[in-house]
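In what follows, a structure is listed as structure tokens, so that the remarks can point back to it.
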Amino acid sequence: MAGRGGGGYGGGGKDDGLPLLSDDRVGFHVQHQQHQPRGAQSSQLTKPLIYSLLVAIGPLMFGYTLGFTSPIGKVLESPSSEGGVGLSSDQNSLFGSIVNVGAMIGAILGGYLTDKIGRRGAIQVACLPFICGFLLVEFGKSAGMLIFGRVFSGIGVGLVSLAVPLYIAEISPPQYRGGLGSINQLAITIGILVCYAIGMGVKWRPLALIGAIMSGVLLAISFLLPRTPRWLMMHGHADEARASLRRLRSPDADIDTEMASIEESIEEAKRTAGSATIGDLFRGASGRAMVVAVCLMLFQQFSGINAVFFFCQSIFEDAGMSSPDVSALSASAVQVIVTMISCFLVDRAGRRALLMVAGIGMSASAAVLGYYFFEKTHDNAIAGPVALVAVLLYITFFSLGLGAIPWLMMSEIFPAQVRGMASSAAVLLNWSCSFTVTETFESMKSNLTEEGTFWFYSAVCAAGVMYVLLFAPETKGRTLEQIEAFFQGHRSASGGNDGAGSGVDLVKVTALLCLLAVGLVIAITSI
């Protein structure tokens, strides 16, 4: 379906199932998994699922932190006698956006910590800035305390946005890694929804205290988590790695083959790369994987999701729903439901297919929103419900693919030797782009107009689809060692799999329906 891309990581051919490598070690491992009885495969899911759900409290706190400013609105600008602290409008805006800066710091620290003390250790460290940050907000009496509290919380966000996807990827069986990895994004959306819902019934200080308590719960639970076998092997703890893998798999699972695969991959990485350096991130297999990660992160952040949420309330009002709580809860609930569906689809349809479906749907929805603002500017406003449907469809498509999959693929594609540092660079880029989009949105809207802004985002989404189609590899059903071999240039690792898999028809149907929907909206509103 797709042509071969630059750097040797494009796909080609058609998916006939799980790919087998010519490399005997990895090929035998995947073949063995394919012929396991269904009950044995399901039993391999139980423990990784439990640990993934436990560690998902981290991304839940990520979402809770991002959602914290929405329910409190401009309360902080009120004097202390009215429950606020007297922030200026600029200080209140900074209180909301400064979390991005903290997340950048957390991303930088996370690369070192995930490699030095492990994925579990980095998650434990992340709990401390979360607790400190929410307590500073809870007891803050000045703008400085509140803003520092948000920076600390942001550091926690940056750490868990790196460490949790890596942890889940490294404990998951390959046939379930997509669904388990998507739990990360599902927890983020649940955290936002929980914060909105609780914020409707409590004041902002108790809301912050609840955040500190949940962070403490994560810290306590983290001591129950096993360390990842790959990190233990990378640091020479072979016996502990075997014990951890045995703990993660079913009692009757053949872990010898998986252990041999992990050990050989790490030994080969150590022989060829030695001690990883910053320069190694941009050379060879890591460099090719970095291009993919960077493009997916840019696709995610410049797709326009922030703009959609910015205009969400005004569009809901045009559709007859004046309550800001209703618009926030509705959009958040859609995210949770669709992300949950994505967890079940990602290991069936494939990463590439869902990314393309998401990009096509978002491009069409953003085009309709641009048309809505264009008509509104010229006093020919189309019906509010049309724009409302476009917003909800945009959020639906984002949650289906672009919300979770860039984080998921980031945790899958980097070689073990540089996985922590490389993922740190990708996460840093993501949060830098998030900060840039947030800070430049107003000037972009002034220069391009509202309709031009959404048409720009529509074009970005379309360009993202083309990139995925031509260059992005598929990681569905492959071991991390297979994916590493693929980026090292072993072309047989592609298994003749273009990655669209069973999602090819889904992509075609989505493209056709979106074209028809856009044409229908224009035709109806032109009458």
Side-chain angles (χ1 to χ4, degrees), residues 1-3 5 10-11 14-15 178 182 185 292 295-309 331 334-335 337-339 341-372 386-409 451 453-476 498-523:
M1 177 179 165
K14 190 174 180 65
D15 182 12
S182 297
Q185 179 66 17
V292 174
C295 288
L296 292 180
M297 292 301 186
L298 290 174
F299 184 15
Q300 183 192 66
Q301 285 300 325
F302 287 96
S303 65
I305 187 65
N306 291 338
V308 169
F309 276 99
V334 168
Q335 277 195 298
I337 293 167
V338 180
T339 305
I341 294 170
S342 176
C343 290
F344 293 98
L345 288 178
V346 69
D347 282 321
R348 292 171 172 80
R351 281 64 155 160
R352 279 168 42 94
L354 288 186
L355 283 171
M356 286 188 283
V357 166
I360 292 167
M362 291 164 65
S363 181
S365 301
V368 170
L369 286 170
Y371 182 64
Y372 162 80
V386 172
L388 175 60
V389 170
V391 164
L392 295 179
L393 283 175
Y394 185 98
I395 294 170
T396 295
F397 282 112
F398 178 86
S399 303
L400 188 65
L402 208 54
I405 293 177
W407 296 108
L408 171 62
M409 290 187 67
E451 59 268 27
T453 299
F454 277 101
W455 286 333
F456 169 79
Y457 291 138
S458 178
V460 170
C461 291
V465 172
M466 292 305 298
Y467 173 79
V468 173
L469 174 67
L470 297 174
F471 303 119
E474 179 58 78
T475 58
K476 178 186 77 169
D498 77 347
S502 60
V504 171
D505 291 338
L506 186 61
V507 172
K508 294 177 180 177
V509 169
T510 302
L512 179 60
L513 290 177
C514 287
L515 284 172
L516 290 173
V518 172
L520 188 63
V521 168
I522 294 174

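Keep in mind the model is a prediction, meaning the values are calculated, not measured.
Rounding to the nearest 0.5 Å gives a distance of 10.5 Å between CE of Met362 and CG of Leu400. For the atom pair CE of Met356 and CE of Met466, the computed distance is 10.0 Å after rounding to the nearest 0.5 Å. Atom CG in Leu408 sits 10.5 Å away from atom CG in Leu296 (nearest 0.5 Å). Considering CG of Leu354 and CD1 of Ile405, their distance stands at 4.5 Å, rounded to 0.5 Å. Here the CG-CG distance, from Leu388 to Leu393, works out to 9.5 Å after rounding to the nearest 0.5 Å. Atom CD1 of residue Ile305 and atom OH of residue Tyr394 lie 5.0 Å apart, to the nearest 0.5 angstrom.
Using a 4.5 Å heavy-atom cutoff, the side chains of Tyr467 and Val292 are in contact. Side-chain atoms of Phe309 and Ile395, non-hydrogen and from C-beta on, do get closer than 4.5 Å to each other. By the 4.5 Å heavy-atom criterion applied to side chains, Val460 and Leu298 are not counted as neighbours.
In summary, of the residues considered (Thr510, Leu512, Leu355, Leu515), a side chain to side chain contact (heavy atoms under 4.5 Å, CB included) with Ile360 occurs for Thr510 alone.
Side chain of Lys476 to backbone of Val346: no donor-acceptor contact under 3.5 angstrom is found. Arg352 places a side-chain N or O within 3.5 Å of a backbone atom of Ala472 that can act as its donor or acceptor partner. With hydrogens and angles ignored, the 3.5 Å screen pairs a side-chain donor or acceptor of Ser182 with a backbone N or O of Gly178. Judged by distance alone, with hydrogens and angles left aside, the side-chain atoms of Ser458 form no donor-acceptor pair with the main-chain N or O of Phe454 at under 3.5 Å. Judged by distance alone, the side chain of Gln300 and the main-chain N or O of Leu402 form a donor-acceptor pair under 3.5 Å.
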Audit row: Val389, Val368, side-chain contact (heavy atoms from CB on, under 4.5 Å) steps and yes/no: CA-CA 10 Å; Val389 170; Val368 170; over 6 Å; no
